[in-house]
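What follows is a single structure, written as structure tokens, with notes after it.
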Amino acid sequence: MAATVLIVGTDKAAATTYASYLKKDYTVLAAHSGRQAIAHARSHRLDAMIVDITSARLNCKNVCRKLAGESRAPLVLIAPPNAKVDGAYSAATVVYTPVVGRKLVARVKAAIDSKPPRQLVVSNVALDFEKQRVVRGGKSFPLTPKEFFLLKYLMGRAGQTITRKTLMKEVWETDFMGDTRTLDVHIRWVREKVEDNPSKPQRLITMRGQGYRFVVE
């Protein structure tokens, strides 16, 4: 079965051109908005994602962050010359415009061949990126998209105290701190899946007045 590549960009003509370079070797999907991109990431097993950050009317950093939360497929950026691409994009590689077909194909192939990790393991808890499940003590627990992204963020920074404000901003995309009950509820749900006794957490602990920490044993 051919690998599947998602192209995200508001310029439909450019997306069609990029697809023409890739369709010989890959199954190509296109999304012209962030919403379409996330829908594809949730409904398909992607092998690579291309985001055209020259796109107008597309919050590219936000789209890249959301895609990274939905799929472990490597991210290839198409960027204007001399663009400063920081870590917020979580890109595996960057192709600068004007895009040469053979270079785009080569970068996509290299990104797919790099085989990013399929899971994150901290102590005796394993987070499965592909199935969006957490495995503890030989038992597997499914996660909702928000639970997955919350746990991924905390486990990826195990040993660090993450503030409530940071979690609200990164997971729920808001700076509003007037009502954080949804965070509290999701922390409780995640604890039910990673703790032996959720009422007495030993892995995902509360740091009073600060936030939360995923403990490294």
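Taken to the nearest 0.5 Å, the OG1 atom of Thr174 stands 10.5 Å off from the NZ atom of Lys165. Interatomic distance, Met155 CE to Gln119 CD, rounded to the nearest 0.5 Å: 9.0 Å. Taking CZ of Arg203 as the start and CG of Asn124 as the end, the distance is 4.5 Å to the nearest 0.5 Å. Between atom CG of residue Leu167 and atom NE2 of residue His186 there is a gap of 12.0 Å, rounded to the nearest 0.5 Å. The line from CG of Asn59 to OG of Ser33 is 12.5 Å long, rounded to the nearest 0.5 Å. The line from CG of Asp11 to OG1 of Thr54 is 7.0 Å long, rounded to the nearest 0.5 Å.
The backbone N or O of Pro142 sits less than 3.5 Å from a side-chain atom of Lys193, completing a donor-acceptor pair. Listed for the Ser43 side chain is a donor-acceptor partner under 3.5 Å among the backbone atoms of Ala39. Judged purely by atom type and a 3.5 angstrom limit, Ser55 has no side-chain atom pairing as donor or acceptor with the backbone of Gly9. The main-chain N or O of Gln210 is never found under 3.5 Å from a side-chain atom of Thr163 such that the two would form a donor-acceptor pair. A distance-only check finds no donor-acceptor pair linking the side chain of Glu195 to the backbone of Lys200 [under 3.5 Å]. With hydrogens and angles disregarded, a donor-acceptor distance shorter than 3.5 Å links the side chain of Thr16 to the backbone of Lys12.
Thr17 and Ser20 are not linked by any side-chain donor-acceptor pair at a separation below 3.5 angstrom, with hydrogens and angles left out of the test. Between the side chains of Thr206 and Arg191, at least one donor N or O sits under 3.5 Å from an acceptor N or O.
Hydrophobic clustering of Ile, Leu, Val, Met, Phe, Trp and Tyr side chains at less than 4.5 Å, counting indirect connections, keeps Trp189 apart from Phe214. Under the 4.5 Å side-chain heavy-atom criterion for ILVMFWY residues, a single connected hydrophobic cluster contains both Val171 and Leu120. Grouping the Ile, Leu, Val, Met, Phe, Trp and Tyr side chains by contacts below 4.5 angstrom, directly or via other members, places Val216 with Leu127. Cluster membership check: Ile205 does not share its hydrophobic cluster with Val122, using side-chain heavy-atom separations under 4.5 Å among Ile, Leu, Val, Met, Phe, Trp and Tyr. Under the 4.5 Å side-chain heavy-atom criterion for grouping Ile, Leu, Val, Met, Phe, Trp and Tyr, Val121 is not connected to Leu151 through any hydrophobic cluster.
For the pair Gly159 and Arg213, the tightest heavy-atom approach, listed with the atom from each and the gap, is O-NE, 3.5 Å. For Glu170 against Phe149, the heavy-atom pair with the smallest separation is O-CE2, 3.1 Å. Minimum interatomic distance between Ile112 and Pro74 (heavy atoms only, all atoms of both residues): N-CG, 4.1 Å. Among all heavy-atom pairs drawn from Leu67 and Ala37, the shortest one is CD2-O, 3.7 Å.
Taking the side chain as every heavy atom from C-beta outward, Tyr26 and Thr4 never approach each other to under 4.5 Å. In this structure, the side chains of Tyr18 and Asp52 come closer than 4.5 Å at one or more pairs of heavy atoms. Contact check for Leu58 versus Val8: side-chain heavy atoms found under the 4.5 Å cut-off. Inter-residue side-chain proximity for Val194 and Val134 is flagged as met; some heavy-atom pair is nearer than 4.5 Å. In this structure, the side chains of Pro145 and Glu70 come closer than 4.5 Å at one or more pairs of heavy atoms. With a 4.5 Å cut-off on side-chain heavy atoms, Leu183 and Met168 count as touching. The side-chain heavy atoms of Glu147 and Phe141, taken from C-beta on, include no pair separated by under 4.5 Å. Residues Lys152 and Arg72 are in side-chain contact: their nearest non-hydrogen atoms beyond the backbone lie under 4.5 Å apart.
For Glu173 and Lys66, the salt-bridge test passes: some basic side-chain N is under 4.0 Å from an acidic carboxylate O. Arg164 has a carboxylate O that lies under 4.0 Å from a charged side-chain N of Asp184, or vice versa, which qualifies the two as a salt bridge. A salt bridge links Asp196 to Arg136: one of the charged nitrogens lies within less than 4.0 Å of a carboxylate oxygen.
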Could you go through the side chain to side chain contact (heavy atoms under 4.5 Å, CB included) check for His44 and Leu29 one step at a time? CA-CA 10 Å; His44 295 85; Leu29 304 173; 3.6 Å; yes
Residue pair Leu75, Cys64: steps toward the side chain to side chain contact (heavy atoms under 4.5 Å, CB included) verdict: CA-CA 8 Å; Leu75 184 62; Cys64 289; 3.6 Å; yes
When you look at Thr27 and Val5, which way does the side chain to side chain contact (heavy atoms under 4.5 Å, CB included) test go after all the steps? CA-CA 6 Å; Thr27 297; Val5 177; over 6 Å; no
Could you check Val125 against Val135 for side chain to side chain contact (heavy atoms under 4.5 Å, CB included), going step by step and ending with a plain yes or no? CA-CA 6 Å; Val125 176; Val135 179; over 6 Å; no
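Remark: Arg35 CZ is loosely packed, at most 12 non-hydrogen atoms of other residues, nucleotides or ligands lying under 6.0 Å away.
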Using atom types as modelled, flag every donor-acceptor pair under 3.5 Å from a side chain in residues 91-104 to any protein atom, sequence neighbours excluded.
unit_1: Thr93; atom_1: OG1; unit_2: Arg107; atom_2: NH1; d: 3.3
unit_1: Thr97; atom_1: OG1; unit_2: Ala79; atom_2: O; d: 3.4

